[in-house]
Student: 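Quick one: the structure is below, and I'll ask about it shortly.
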There are 2 protein chains.
Amino acid sequence: MLAIKSPFKKQQFEAREEAILDAVNRLLSEKGFDLMTMDDVADAVGVAKGSLYKHFSSKEKLAAAAMSRLLSQTLEVLNNFPAEWRAGKRLEEVLRWTLQHRLRGGVPHLPSTRGAFQRALMLNLEYLALALKVNKRFYALAAEARRGGEISDSISDNVVVYTLYARSCDPTLEFLQKSGGLTDDQIVEAMVQTTFGGLRSRATSYENSSN
Amino acid sequence: MLAIKSPFKKQQFEAREEAILDAVNRLLSEKGFDLMTMDDVADAVGVAKGSLYKHFSSKEKLAAAAMSRLLSQTLEVLNNFPAEWRAGKRLEEVLRWTLQHRLRGGVPHLPSTRGAFQRALMLNLEYLALALKVNKRFYALAAEARRGGEISDSISDNVVVYTLYARSCDPTLEFLQKSGGLTDDQIVEAMVQTTFGGLRSRATSYENSSN
DNA sequence: GTCTATACACCGATAGAC
DNA sequence: GTCTATCGGTGTATAGAC
């Protein structure tokens, strides 16, 4: 971020910054961090590559800013749930929102766990603070949902929270989208149902014998 | 593959090729296709980079060979299930095998849906033939399991099959492994349970009201 | 067949004119 | 602040000696 004098130019500058983050958001979801080049971003926004560096001092900072914006939006969603919703309902709804966000072309919360990007994110203080906040909210909801008997006692909090994160970058979404048989809403519902209800028929007792 | 005269040299050549595929398998699971360089592979095997090209004419062919080997192993697992196992059991067990394979450092079946690698795989005839074979087996098992009442009627075959593929590259596995609270066996069982049984408590009826 | 050395392309980041 | 041009580094693939 640079010092800008005129209020009009400042507004223009910030609008351009939003446009850059929008483009990064889309490119990250399409190609991932490593395959996204600064030329891609510059072309998508319609500015010269060098100009990007007046806004963000590195490719890592640029991508981290886009990820931070996503986390802020997630927190906003969590804060705006109706007060009467129970924890289990909130967990379902935040997953639903995340999947819808991805269907609209957004980045998943997890940009591939391996690779240099994840390490760079962990050195970004703004991102880290937001990620910890979101994480705390998820653990609190998971614990509350278990107390309310809404999620299974035999599944630990870790598994619940990580599973929700993982569903946010689940390639099943893209498969179902490309296979074409389902509408976007049906895809979201199918994934929410398999996440919370599982694949198994609820009628079946399904013994755990080893043969 | 090149023409080799001496039987000893041929054996040596093939042993080296297996070693190369082992290294590629590990590197693909650690860094993914794009971040894995031919230098990495050469260093891991202990040969010069140029020599790799005597075995595989490109990086894509090399990685495709490693993926094909994985699919062959998967087919072998499917073929060696006890005859008395029902379809639902087989689906659970193939997922279990896949997760264990990854915990031992193996490649996931899906090397990130986006990126140039997936496109290259689709042009590789050997890989494509094996992938279609595995896919057919999965669909057949899903249909049989539904007929037997083992998986939910409200979930389409597409969702079942894609979900199983997606679990094979689910980052939940790495999260749980790094968080350290669970043994490898517990991680596998937790993921199999959430896949087939879901997160929700089976006691809860959980109405689908919109508030 | 395996090695070293190198050609060629691409990408992140910077310099300098305007 | 935005542009064009370029540097430095890295990666795939190949050439040529042995």
Side-chain angles (χ1 to χ4, degrees), chain A residues 1-21 23-24 27-28 30-66 115-117 119-121 123-124, chain B residues 1-21 23-24 27-28 30-66 115-117 119-121 123-124:
Chain A
M1 196 79 82
L2 298 180
I4 317 263
K5 286 128 197 168
S6 146
F8 170 70
K9 286 220 167 180
K10 182 178 173 186
Q11 184 184 344
Q12 195 178 11
F13 185 86
E14 288 176 354
R16 189 185 296 247
E17 201 150 292
E18 283 299 306
I20 293 173
L21 290 182
V24 170
L27 286 168
L28 275 181
E30 284 171 7
K31 323 177 72 170
F33 180 77
D34 297 305
L35 267 66
M36 177 188 81
T37 72
M38 293 300 268
D39 284 295
D40 290 335
V41 179
D43 287 353
V45 183
V47 297
K49 177 167 59 169
S51 304
L52 291 179
Y53 287 88
K54 297 292 178 182
H55 293 261
F56 301 95
S57 59
S58 74
K59 188 186 175 186
E60 282 75 15
K61 293 260 179 64
L62 173 57
F117 184 41
R119 245 174 298 140
L121 279 180
L123 300 175
N124 185 295
Chain B
M1 196 81 79
L2 297 181
I4 317 262
K5 286 128 200 172
S6 147
F8 170 70
K9 286 219 167 177
K10 181 178 174 186
Q11 184 184 344
Q12 195 180 10
F13 185 86
E14 288 176 354
R16 188 185 296 246
E17 202 150 293
E18 283 298 307
I20 293 174
L21 290 182
V24 170
L27 286 169
L28 275 181
E30 284 171 6
K31 324 177 72 169
F33 180 75
D34 298 304
L35 267 66
M36 177 188 81
T37 72
M38 294 300 267
D39 283 295
D40 290 336
V41 179
D43 287 352
V45 183
V47 297
K49 178 167 55 171
S51 304
L52 291 179
Y53 286 88
K54 296 292 179 181
H55 292 262
F56 302 95
S57 59
S58 74
K59 186 186 176 186
E60 282 76 14
K61 292 261 180 64
L62 174 57
F117 185 41
R119 245 175 299 139
L121 279 179
L123 299 175
N124 185 295

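Every chain is numbered from 1, with letters handed out A, B, ... down the list of sequences.
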Student: Grab the CZ-P distance between B:Phe13 and C:dG1 for me, whole Å please.
Tutor: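 Those two atoms, CZ and P, are 6 Å apart.
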Student: On the nucleotide C:dG1, are OP1 or OP2 found under 4.0 Å from the side-chain N or O atoms that B:Arg16 carries?
Tutor: no
Student: Using a 4.0 Å cut-off on protein heavy atoms (strictly under), produce a 5'-to-3' string for nucleotides 11-18 of chain D with B for base contact, S for backbone-only sugar-phosphate contact, and - for none.
Tutor: SBBB----
Student: Tell me whether the OP1 or OP2 atom of C:dG1 has a side-chain N or O from B:His55 closer than 4.0 Å.
Tutor: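 So the side chain of B:His55 is outside the cut-off, no N or O lying under 4.0 Å from OP1 or OP2 of C:dG1.
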Student: For B:Asp39, enumerate each residue passing the salt bridge (Lys or Arg N to Asp or Glu O under 4.0 Å) test, keeping only those at least two apart in sequence or located in another chain.
Tutor: B:Lys49
Student: By side chain to side chain contact (heavy atoms under 4.5 Å, CB included), which residues pair with A:Ala48, not counting sequence neighbours?
Tutor: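 Result, side chain to side chain contact (heavy atoms under 4.5 Å, CB included) vs A:Ala48: A:Ser51.
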Student: Using the side-chain hydrogen bond (donor to acceptor under 3.5 Å, both in side chains) criterion, which residues pair with A:Ser57? Sequence neighbours excluded.
Tutor: A:Lys61
Student: Is B:Ser51 close enough to C:dC3 that one of its side-chain N or O atoms is under 4.0 Å from OP1 or OP2 there?
Tutor: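 For C:dC3, OP1 or OP2 has a side-chain N or O of B:Ser51 closer than 4.0 Å.
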Student: Who pairs with B:Ala65 by side chain to side chain contact (heavy atoms under 4.5 Å, CB included), at least two apart in sequence or on another chain?
Tutor: B:Leu21, B:Phe56
Student: Taking all atoms of both residues into account, what is the closest heavy-atom pair of B:Phe13 and B:Lys54, and its distance?
Tutor: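 Closest pair (atom of B:Phe13, atom of B:Lys54, distance): CZ-O, 4.4 Å.
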Student: Please list, chain by chain and in numerical order, all residues satisfying side-chain hydrogen bond (donor to acceptor under 3.5 Å, both in side chains) with A:Thr37, sequence neighbours excluded.
Tutor: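 Expected list: A:Asp40.
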